[in-house]
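To keep things clear, I will list the structure first and then write my remarks on it.
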Amino acid sequence: MTAFQITHPFSGFSVDSIDAARAFYGDTLGLDVTTNAMGFLDIALPDGGSILVYAKPDHTPATFTILNFPVDDVEAAVDDLNARGVVTKIYDDEMGTDAKGIMRGGPDRGPDIAWFTDPAGNVLAVLSAS
């Protein structure tokens, strides 16, 4: 028996406002968000696992994608997110997203994917599940 045991691992990230994160992840995205005893947020993922979201006074947004949502239809997901007030990021660099913010996949490009940010500026994505 070892002291390091892998049971119920979870990921976490910081935000600049717990209230804004609670509203975005719970109300806007529809995830199961609860406040734990420390005042942090616990986001329960539909297929198991969880994410800890904590406030950090000197929060700096992640410069990489911290959370990916696989979907059957990226374009429909982007339309749904836009209807909820979420704006996808338009990249004019090598990512080459279209006017909706979707990078179309293909050989050597990976899946269709679109990025957006949470209120703290952290990068999230919807990407083709197939």
**Message:** Any non-hydrogen side-chain atom of Phe116 less than 4.5 Å from a side-chain atom of Val78?
**Reply:**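 No. Closest side-chain heavy atoms not under 4.5 Å.
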
**Message:** Just so I know, are the side chains of Leu127 and Val71 near enough to count as touching, which here means a heavy-atom distance under 4.5 Å?
**Reply:**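 Result no, sub-4.5 Å side-chain heavy-atom pair not found.
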
Nearest atoms (heavy-atom pairs only) where [X] meets [Y]:
| X | Y | result |
| --- | --- | --- |
| Ala120 | Pro61 | O-CG, 3.2 Å |
| Gly105 | Asp112 | N-OD1, 2.6 Å |
| Asn122 | Ala62 | OD1-N, 3.0 Å |

**Asked** Tell me the side chain to side chain donor-acceptor pair (under 3.5 Å) pairs involving residues 12-22, sequence neighbours left out?
**Response**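 Of all non-adjacent pairs touching residues 12-22, those that pass side chain to side chain donor-acceptor pair (under 3.5 Å) are Ser14-His59, Asp19-Arg22, Arg22-Thr35.
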
**Request:** Give me the other members of the hydrophobic cluster that Val87 sits in, counting Ile, Leu, Val, Met, Phe, Trp and Tyr linked by side-chain heavy atoms under 4.5 Å, directly or via other members.
**Result:**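 For Val87, no cluster forms, as it stays isolated from other hydrophobic side chains.
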
**Message:** Checking Ala125 now: which residues fulfil side-chain contact (heavy atoms from CB on, under 4.5 Å) with it, not counting sequence neighbours?
**Reply:**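 Counting only residues at least two positions away or on another chain, Ala125 forms a side-chain contact (heavy atoms from CB on, under 4.5 Å) with Thr65, Asn68, Ile113, Trp115.
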
Considering only distance and modelled atom types, tabulate donor-acceptor pairs under 3.5 Å from the side chains of residues 37-56, sequence neighbours left out.
none

**Message:** Applying ring pair (Phe, Tyr, Trp, His ring centres under 6.0 Å), can you list everything that pairs with Phe13, at least two apart in sequence or on another chain?
**Reply:**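 Phe13 satisfies ring pair (Phe, Tyr, Trp, His ring centres under 6.0 Å) with Tyr25 only.
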
Nearest 0.5 Å, what's the [atom1]-[atom2] distance between [X] and [Y]?
| X | Y | atom1 | atom2 | value |
| --- | --- | --- | --- | --- |
| Asp73 | Ser128 | CG | OG | 8.5 Å |
| Leu124 | Asp118 | CG | CG | 5.5 Å |
| Ile66 | Ser11 | CD1 | OG | 8.0 Å |

Show every donor-acceptor pair shorter than 3.5 Å between a side-chain atom in residues 26-33 and any protein atom, with sequence neighbours excluded, or say none if there are none.
none

**Request:** Could you note down all residue pairs passing salt bridge (charged side-chain N to carboxylate O under 4.0 Å, His left out) where residues 75-86 supplies at least one of them, sequence neighbours left out?
**Result:**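 Matches after skipping sequence neighbours: Glu75-Lys100, Glu75-Arg104, Asp79-Lys100, Asp80-Arg84.
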
**Request:** Inspect the surroundings of CG in Asp108 and state if more than 12 heavy atoms from other residues, nucleotides or ligands are less than 6.0 Å away.
**Result:**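 It does not: Asp108 CG has 12 such atoms or fewer within range.
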
**Asked** Under the ring pair (Phe, Tyr, Trp, His ring centres under 6.0 Å) rule, what pairs show up with a residue in residues 62-90, not counting sequence neighbours?
**Response**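 The answer is none; no pair qualifies.
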
